[in-house]
Amino acid sequence: MIISHFPKCVAVFALLALSVGALDTFIAAVYEHAVILPNRTETPVSKEEALLLMNKNIDVLEKAVKLAAKQGAHIIVTPEDGIYGWVFTRESIYPYLEDIPDPGVNWIPCRDPWRFGNTPVQQRLSCLAKDNSIYVVANIGDKKPCNASDCQCPPDGRYQYNTDVVFDSQGKLVARYHKYNLFAPEIQFDFPKDSELVTFDTPFGKFGIFTCFDIFSHDPAVVVVDEFQVDSILYPTAWYNTLPLLSAVPFHSAWAKAMGVNLLAANTHNTSMHMTGSGIYAPEAVKVYHYDMETESGQLLLSELKSRPRREPTYPAAVDWHAYASSVKPFSSEQSDFLGMIYFDEFTFTELERNTGNYTVCQKDLCCHLTYKMSEKRTDEVYALGAFDGLHTVEGQYYLQICTLLKCQTTDLETCGEPVGSAFTKFEDFSLSGTFGTRYVFPQIILSGSQLAPERHYEISRDGCLRSRSGAPLPVLVMALYGRVFEKDPPRLGQGSGKFQ
Ligand SMILES: *[C@@H]1O[C@H](CO)[C@@H](O)[C@H](O)[C@H]1NC(C)=O
Ligand SMILES: *[C@@H]1O[C@H](CO)[C@@H](O)[C@H](O)[C@H]1NC(C)=O
Ligand SMILES: *[C@@H]1O[C@H](CO)[C@@H](O)[C@H](O)[C@H]1NC(C)=O
Ligand SMILES: *[C@@H]1O[C@H](CO)[C@@H](O)[C@H](O)[C@H]1NC(C)=O
């Protein structure tokens with residue numbers, strides 16, 4: 001009997017220990033940073049020059065960290081490439097890199113700066129965290145020497161990794177994550193051999209971390225959520241928006257909603273590269289976002305989040321993305337389908353001919369159903385319903401199933417799928433669904449001017465239908481159910497031979 005009691009006591013103690021200092025909510029901050037870029041990136045600069053540039057960026061980040069801490073933030077996320085920019089060769093990035101140890105070494109760089117050689121950037125980030133009592137998340141470059149004893153060692157004798165680091169409020173290095181799914185142009189970095197599943201616990205929930213293009217992947221993005229059951233994701237990104245389907249704010253907020261986690265997304269800011277769109281997203285709501293194509297300034301965002309959203313009564317139920325659409329009899333109308341491209345993928349489209357109607361459009365195994373009502377059918381704007389079921393092969397290979405309703409760029413049907421910025425047509429009612437073969441479907445609605453549709457205006461039913469709720473007319477630019485079919489992916493994203501490689 002004594003033996004059987006023992007584990008219970010341990011469990012009680014463990015619970016007590018966990019609940020001490022535990023917070024039900026916390027304040028999250030993200031900083032959209034207009035990165036100061038190096039003057040020269042084709043040929044290597046000296047280490048001193050590299051550090052000078054990085055310190056200029058950290059000076060800006062420091063102001064944001066201080067301001068966030070003053071407003072009570074517990075954690076702040078800064079963007080991918082936020083300390084040195086993004087256009088480099090293998091050689092020209094090298095002076096910017098530091099050896100970043102495994103967090104298991106238990107290191108506070110601010111207290112012990114020389115323990116792992118010359119690491120001024122880690123020291124400064126650690127001091128920022130410690131001096132302001134805030135978790136600081138940043139993206140820097142790691143270098144790891146290797147030699148012929150490792151047959152994958154690059155000819156220059158080192159691995160170079162795109163790396164996220166997290167320093168806790170005492171300045172301790174608590175997480176290091178090497179980006180697994182590099183984007184094709186990131187020739188300055190190596191792919192890590194294995195996907196790293198980096199998580200850590202805090203008094204305000206369990207965190208996972210990954211970077212930019214990783215969000216399209218199963219490893220590590222889906223794994224840290226589904227298997228490690230994290231509460232919040234830290235997400236540094238350098239994301240250039242490409243309408244209609246791949247804009248930062250709509251895509252990231254849809255991911256948070258579909259995956260049921262908080263997502264703290266910090267983007268770089270550079271309007272000529274279409275880089276803007278940061279936000280703090282909860283599973284049940286977009287808390288705050290920033291999208292700015294007008295100025296060249298950075299922006300700090302703060303919002304309160306639930307530490308453990310899964311335990312909340314408002315936590316969204318799982319959606320069956322197949323149920324509704326497969327119960328609908330395909331609408332048969334006198335439609336003539338046509339083909340059109342969205343970001344290198346060939347969709348099957350059909351035009352919405354009248355101010356109200358029902359359409360079904362299919363491609364391979366996916367059928368998309370739409371029922372809609374416009375306030376009026378304008379002659380100067382054309383909308384189409386599109387379906388795509390196939391492998392995307394440019395800048396990485398990943399399998400998609402997508403249903404989308406979008407405004408064509410002009411009244412010429414050949415432009416359906418091309419980016420367009422504004423819309424005057426208003427949709428009073430809509431219902432969009434598809435016969436998806438995956439439960440990973442990210443629903444997004446973008447309104448004229450790249451604004452997010454407020455959540456009160458629509459709902460996602462448990463049987464997988466995206467429908468209007470309020471009857472308020474919405475100037476829809478794009479509406480999409482963006483599905484990822486991971487089991488049909490080739491082995492690793494980004495390593496496949498894309499069109500440009
Ligand atoms: C780039 O060059 C300009 C002009 O020489 C100089 O003023 C500026 O400080 C340099 N910027 C960086 C980041 O080194
Ligand atoms: C090669 O690398 C391994 C592991 O990093 C190290 O133990 C070994 O000493 C190195 N050998 C040489 C010849 O540098
Ligand atoms: C934005 O990025 C481009 C390309 O890297 C660069 O040429 C430009 O100077 C950047 N703009 C600003 C304001 O830094
Ligand atoms: C669309 O379908 C619904 C039933 O699902 C029907 O009530 C409605 O009349 C149809 N609308 C049009 C314009 O065909």
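We count ligands from 1, going down the list as the structure has it; atoms in each ligand are counted the same way. Not measured: the values here are computed from a predicted model.
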A.B. asks: Closest by any non-hydrogen atom to atom 2 (O) of ligand 4: pick that one out of Asn358, Asn355, Val328, Thr356.
C.D. replies: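 The option holding the nearest heavy atom is Asn358.
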
A.B. asks: May I ask you to decide whether Asp59 forms a salt bridge with Arg124, counting only side-chain N to carboxylate O separations under 4.0 Å?
C.D. replies: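 Here Asp59 pairs with Arg124 in a salt bridge, since their nearest N and O are under 4.0 Å apart.
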
A.B. asks: Any carboxylate oxygen within less than 4.0 angstrom of a Lys/Arg side-chain nitrogen, looking at Glu381 and Lys407?
C.D. replies: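 So Glu381 pairs with Lys407 through a salt bridge.
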
A.B. asks: Test your reading of the structure: does Trp86 have an N or O sitting under 3.5 Å from an N or O of ligand 3?
C.D. replies: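 Yes; at least one N/O pair falls below 3.5 Å.
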
A.B. asks: Using a 4.0 Å cutoff against the non-hydrogen atoms of Glu296, which atoms of ligand 3 qualify?
C.D. replies: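 Those of ligand 3 that fall under 4.0 Å from Glu296 are 13 (C).
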
A.B. asks: Name the closest protein heavy atom to atom 12 (C) of ligand 3, giving the residue it belongs to and the distance to 0.1 Å.
C.D. replies: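 Nearest neighbour among protein heavy atoms for atom 12 (C) of ligand 3, to 0.1 Å: Asn270 ND2, 3.6 Å.
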
A.B. asks: By number and element, which atoms of ligand 3 are closer than 4.0 Å to a non-hydrogen atom of Leu37?
C.D. replies: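 This gives 2 (O), 5 (O), 6 (C), 10 (C) as the contact atoms.
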
A.B. asks: Treating Gln401 as the side-chain partner and Gly437 as the backbone partner, does any N or O pair qualify as donor plus acceptor under 3.5 Å?
C.D. replies: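 Yes, Gln401 side chain to Gly437 backbone: donor-acceptor pair under 3.5 Å.
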
A.B. asks: Assess whether a salt bridge exists between Arg462 and Asp320, defined as any Lys/Arg side-chain N lying under 4.0 Å from an Asp/Glu carboxylate O.
C.D. replies: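 Answer for the salt bridge query: no.
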
A.B. asks: So which heavy atom on Glu353 is nearest to which on Tyr359, and how close?
C.D. replies: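 Between these two residues, the closest heavy atoms are N-OH, 3.0 Å.
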
A.B. asks: Mark whether atom 4 (C) of ligand 4 lies under 4.0 angstrom from at least one protein heavy atom.
C.D. replies: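 Looking at atom 4 (C) of ligand 4, one finds that no protein heavy atom lies closer than 4.0 Å.
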
A.B. asks: Give the atom numbers and elements of ligand 3 that come within less than 4.0 Å of a heavy atom of Ser272.
C.D. replies: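 Matching atoms, with element in brackets: 1 (C).
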
A.B. asks: Which heavy atom of the protein is the closest neighbour of atom 8 (C) of ligand 2, given with residue, atom name and distance?
C.D. replies: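 Ranking protein heavy atoms by distance from atom 8 (C) of ligand 2, first comes Asn147 ND2, 3.7 Å.
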
A.B. asks: Taking SG to SG, are Cys416 and Cys408 separated by less than 2.5 Å?
C.D. replies: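 Answer is yes, sulfur atoms closer than 2.5 Å.
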
A.B. asks: With atoms numbered from 1 as shown, which atoms in ligand 2 lie under 4.0 angstrom from a non-hydrogen atom of Ser149?
C.D. replies: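 Close to Ser149: 1 (C), 2 (O).
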
A.B. asks: Check Val165, Val166, Thr163, Asp214 against Tyr177 for a side chain to side chain contact (heavy atoms under 4.5 Å, CB included) and give me the one that passes.
C.D. replies: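 Result for side chain to side chain contact (heavy atoms under 4.5 Å, CB included) with Tyr177: Asp214.
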
A.B. asks: Can you find a protein heavy atom under 4.0 Å from atom 14 (O) of ligand 2?
C.D. replies: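 For atom 14 (O) of ligand 2 the answer is yes, since some protein heavy atom falls inside 4.0 Å.
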
